[in-house]
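Worksheet: the structure to be examined is printed underneath.
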Amino acid sequence: MKREMETKYNPKDVEDRLYDLWLDKGYFHAEVDESKTPYTIMMPPPNITGQLHMGHALNATLQDVLIRFKKMQGFNTLWQPGTDHAAIATETKIVAKMAEEGLTKAALGREGFLKRAWAWNDEVGGIITQQFRKLGVAADWKRERFTMDEGLSQAVLEVFVRLHEKGLIYRGERLVNWCPNCKTSISDAEVEHEEKQSGFWYFSYPILDKDGEVLTFATTRPETMLGDVAVAVNPDDERYSHLIGQRVVMPITGKYLPIVADDYVKTDFGTGVVKVTPAHDFNDFEIGKRHNLPSVNIMNDDGTINEVDGAGSYEGLDRYEARKRIVAEMEALGFFVKKEETNNSVGAHDRCSSVVEPLMKLQWFVKMEDLAKPALEAYKNGDLNIIPPRFGKIYTHWLEGIKDWCISRQLWWGHRIPAYYCGDCGEITVAKTAPAACKCGCTNLAQDEDSLDTWFSSALWPFSTLGWPEKTPELDYFYPTSVLVTAYEILFFWVIRMVFSGQEFMGELPFKDVLITGIMRDELGRKMSKSLGNGIDPLEIIEQYGADALRFSLATGNSPGNDLRFYIEKVEQSRNFLNKVWNASRFIMMNLEGASHEAALEDLTPADKWILSKANSLSKEVTELLDKYEIGIAADKVQTFVWDEFCDWYIEFTKARLYNQEDPTRNAALWTLRQVLSISLRLLHPFSPFLTEEIYQSFDFGESIVISDFPKYDEARNFAADEGDIEQIKEAVRALRNLRQQKDVPPSRKAKTFVISQSQDARRIFEGGKAYIMALAGASDVTVSDDKSLIPENSVSVVVPGAEIFMPLADLVDMAKEKARLEKELKKLQGEVDRVTAKLNNQGFLAKAPEAMVEEERAKGAKYEEMRQVILAQLEQMNEQ
RNA sequence: GGGAGCAUAGCUCAGUUGGGAGAGCAUCCGCCUUACAAGCGGGAGGUCACUGGUUCAAGUCCAGUUGUUCCCACCA
């Protein structure tokens, strides 16, 4: 960084170069080191074929802030990156690509498909992690893992086999959520319920042997009537109790259906009659079980009607077409009663938005009850800390109502289920490797065709990436991790499953803290999504504004658990701030050239001590905030300090001293500038790593800011008295600027300035601040005195705590306006005095408020009263003239 | 049906343990003051949704009301 360098910071000159340097130096690589305390974060693995989006950028920024902060504090930090094979998402993409070439899974076969999948994976698999690098993340890429790499796949097999042995994994025919589009079962968590308007059709089934009598019921899914096996009424419903045990006829299929009594049926909803379709509805399934009813499956895997008995011409029709035609046929037969509109909650697959059908399927499940208990317990006893706490309720509520987890997927891209079926005796063998022979002695074995839910492997991420099931030193050292940072969206999918997996297999929680982030929204507050097309590409923002600007804008204003709207203006503002830092650094660099900048504490002026003291307390504050995950507030505090205090005040303070080569305090100013710049850069580094490193190295502050020390609070640098003095000077400067503005004094016009005070201490302070008042408040000269008679005629004045300040501006003084201004000022002060007086007259306040608070109020009261008196005197004098 | 969040300046949002209402953008006025016009200085703009309560003291804690967003749930 040299004098002739650009007045604008250009991230493109810096970012890639520094990132490569960091990687070369191996700063982000962590090795087991017993002499240091580990600090570990598991990066949520993005989908292997995914693209970086704003959610990633937010999440990664927050984690990087924590990692860099902790590294600077001396922790041995590991940020474990990697990717997720994302079973359904990836397979869908591959199938779509294949379709472009006219290929299908069936045509390629399993082996052919997987070959293609891996090839594509090799082609695009590195893209997203390359994109993450653009953000400047301090992740340990040497340890990058993939959920389907050899080690992690072994972990998956190990877990499956162990859970199976324990009886916590079982295979069974259950009603599962089925996606007719993806043709696979999915878990409860993957179903998104949406309230939709839907038809509500009323039909009648004639009662057998009761000429003309019918039972009327309502349904939102008429097509399922083909699978009806009964109708149910409430046993206490007097309207129907006499019919219990009799039968109705399904007019289309001609089947006889018993009328059963079941408490599930509400008498006050619909007609009080429910058709029972156990194969296609979770409630009906339960009713069917209670009454020993058969299940009649009417649907194929693709959502068309199958060849079920009685389906007739409906066979092969799509479910919605069948719905329409069945309504029409019932109407033609005279059994359609009416159609209403109702709001109905419809389940859709979160990946493809197709409406999910409950279907009877033979699937693998994880028994959740025993696993959920310790996960619940860990939260309730405080071992697991969720930030913000309100998400704890969501966590417990979900675990308390948890059902068994359907883990088998009818997909090929994923971990194939390690279950082997004997073609002879039917025995099922679950093993990590294919058994040579079945128990029965035969070798007629076939492995299960299905693969595992993608979350089954990511649930193991905190320990599988560290080498489990091997007992590696890494596992011993870095596990449990320190904090997990993730969006609330995947609390159920991932966080909870990691918790119980860690407890089950490591005997210990995978992390103590869970920091929940919000999700990124667009300017209008809409969730950023592919389908809406309202996503903003972080890479484009980085290209235009730099990674630091993007990161800083995501960090500021971020509070745990709250959604964040993306505003380009915020990025611009961050960019402007970083540019400010760049220019402040240039200024310092320019002045340092050829100068000695050594100084001792005793050489420092009050202004130097003031800024050092501020930087000192800021260091403490930022440390505390980051430890509380208040990343947004921390970023904000740093920005306010650097911009408002350091740049706008301190650097301005130093100019007069720097420009005068003879000034005896020049070196002290340079030394302080360097000190505070260094502190500022280090406080800022976790948020904006590139800019801070570039400047840090330009100043030869050290080898790299990445491995520098995070600023610590130092009691020896607490200068409360000097802080107070300088604040008083600032207040005077502000008051004078305000006065000049109000009087329309051109900035170029300097004026002699008189500070009058009866307080010796105040005179000392202002005497010390003369140069600042001259430089910043348009004073040509400053006289500090207790003698009011020095003041020239026609001066304007301003009252500040401890003093009156006068500027002779004869030609600009309009007595009437001046009087009005003073009266306004007086009124304001009177208000303050009244407020404080009321407080101090309140016996309750005096008795119960802390001593310091009362003292503070007293001091304020005295200060305002004094200022008020001064203005009163001025007004009186004016009236006399 | 159950649960949660939010409601603060024209806009978007901070306000961390209760102790004199803040920022950015927008707006108005004045400045190219040799680090920075992506800047500097100075203003204007708010009964902190409503009602009640706790407290010496409430934007902050509690209860309720209204509006709004989200999550969960097997109402056919």
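We name chains A, B, ... by the order of the sequence lines, and we start the count at 1 in each one.
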Ignoring hydrogens and angles, are the base of [N] and the side chain of [X] linked by a donor-acceptor pair under 3.5 Å?
X       : N      : answer
K655(A) : A35(B) : yes
Q741(A) : C29(B) : yes
K580(A) : C36(B) : yes
R390(A) : G5(B)  : no
E652(A) : A35(B) : yes

Side chains of K275(A) and T224(A): donor-acceptor distance under 3.5 Å anywhere?
yes
Could you tell me how the ring of [X] sits relative to the ring of [Y]: parallel (under 30°), tilted (30 to 60°) or perpendicular (over 60°)?
X       : Y       : value
F203(A) : F217(A) : tilted
Y488(A) : F391(A) : parallel
Y395(A) : Y379(A) : tilted

Is [X] near enough to [N] that one of its side-chain N or O atoms lies under 4.0 angstrom from OP1 or OP2?
X       : N      : value
N562(A) : A14(B) : yes
N738(A) : G41(B) : no
K637(A) : U16(B) : no
N583(A) : G39(B) : no

Is atom CD of E851(A) surrounded by more than 12 heavy atoms (other residues, nucleotides or ligands) closer than 6.0 Å?
no
For [N] versus [M], give the span between their [atom1] atoms, rounded off to a whole number of Å.
N      : M      : atom1 : value
G59(B) : U54(B) : P     : 16 Å
G22(B) : G15(B) : C1'   : 7 Å
U69(B) : C13(B) : C1'   : 16 Å

Any base atoms under 4.0 Å from Y395(A), or only sugar-phosphate, or nothing? Heavy atoms, all strands.
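Touches nothing.
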Quick check for you: among [options], whose closest atom lies nearest to any side-chain atom of [X]?
X       : options                : answer
W643(A) : U12(B), G19(B), G39(B) : G39(B)
K393(A) : A35(B), U55(B), A4(B)  : A4(B)
F200(A) : C72(B), G20(B), A76(B) : A76(B)

Between U60(B) (P) and I633(A) (CD1): distance, integer Å:
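To the nearest whole Å, that distance equals 17 Å.
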d(CG, D237(A); C1', A76(B)) in whole Å
14 Å
